[in-house]
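I have placed the structure first, in the form of structure tokens, so that the comments after it can refer back to it.
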Amino acid sequence: MNLASRISGVAMLALAALPIAALPASALAATTVKVADINLLTPEGVAAYQQRSDVAARKFCSPERTVAARHSCKTGVKVELEEKMGALRTAQLEHASRTFAAR
């Protein structure tokens, strides 16, 4: 790898980190989506999760100054939360199948 490509790679990483670094630490620490009381195996549970993730995305992205930046931020947050919901659903399904098999 040559020096120019290393510098370019470092610069791209620095630019990617800027939006996160610009947010206050309180916004990062205080934004959560409670899932302990939701059954993601039901349509109602998925709807509740999506509603909570919408609220969390709005809260997390509120420090953004422009409409475009807020929209981009919310889109990124929603993508990440959808991925996490998939993992949570899988875990709940595995737990449910183990519980059912034990009966």
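- The distance from the OH atom of Tyr49 to the CZ atom of Arg89 is 11.5 Å, given to the nearest 0.5 Å.
- Within the 3.5 Å criterion, the main-chain N or O of Ala68 finds no donor-acceptor partner in the side chain of Ser72.
- The two residues Leu81 and Ser53 make their nearest non-hydrogen contact at CD1-CB, 3.4 Å.
- Applying the side-chain contact (heavy atoms from CB on, under 4.5 Å) test between Gln92 and each of Asn39, Thr42, Val35 identifies Asn39 as the sole match.
- At distances below 3.5 Å, not a single donor-acceptor pair connects side-chain atoms of Arg70 with backbone N or O atoms of Cys61.
- Taking every heavy atom of both residues into account, Leu40 and Gly45 meet most closely at CD2-O, 3.7 Å.
- Once rounded to the nearest 0.5 Å, the distance linking CD of Gln50 with CE of Met85 reads 5.5 Å.
- In this structure, CG in Leu41 is found 9.0 Å from OG1 in Thr90, a value given to the nearest 0.5 Å.
- Within the 4.5 Å cutoff, side-chain heavy atoms of Arg52 are placed close to those of Ile38.
- By the 6.0 Å contact criterion, CD on Glu82 is enclosed, its count of non-hydrogen atoms from other residues, nucleotides or ligands being greater than 12.
- Asp54 has no carboxylate O lying under 4.0 Å from a charged side-chain N of Lys74, or vice versa, which leaves the two without a salt bridge.
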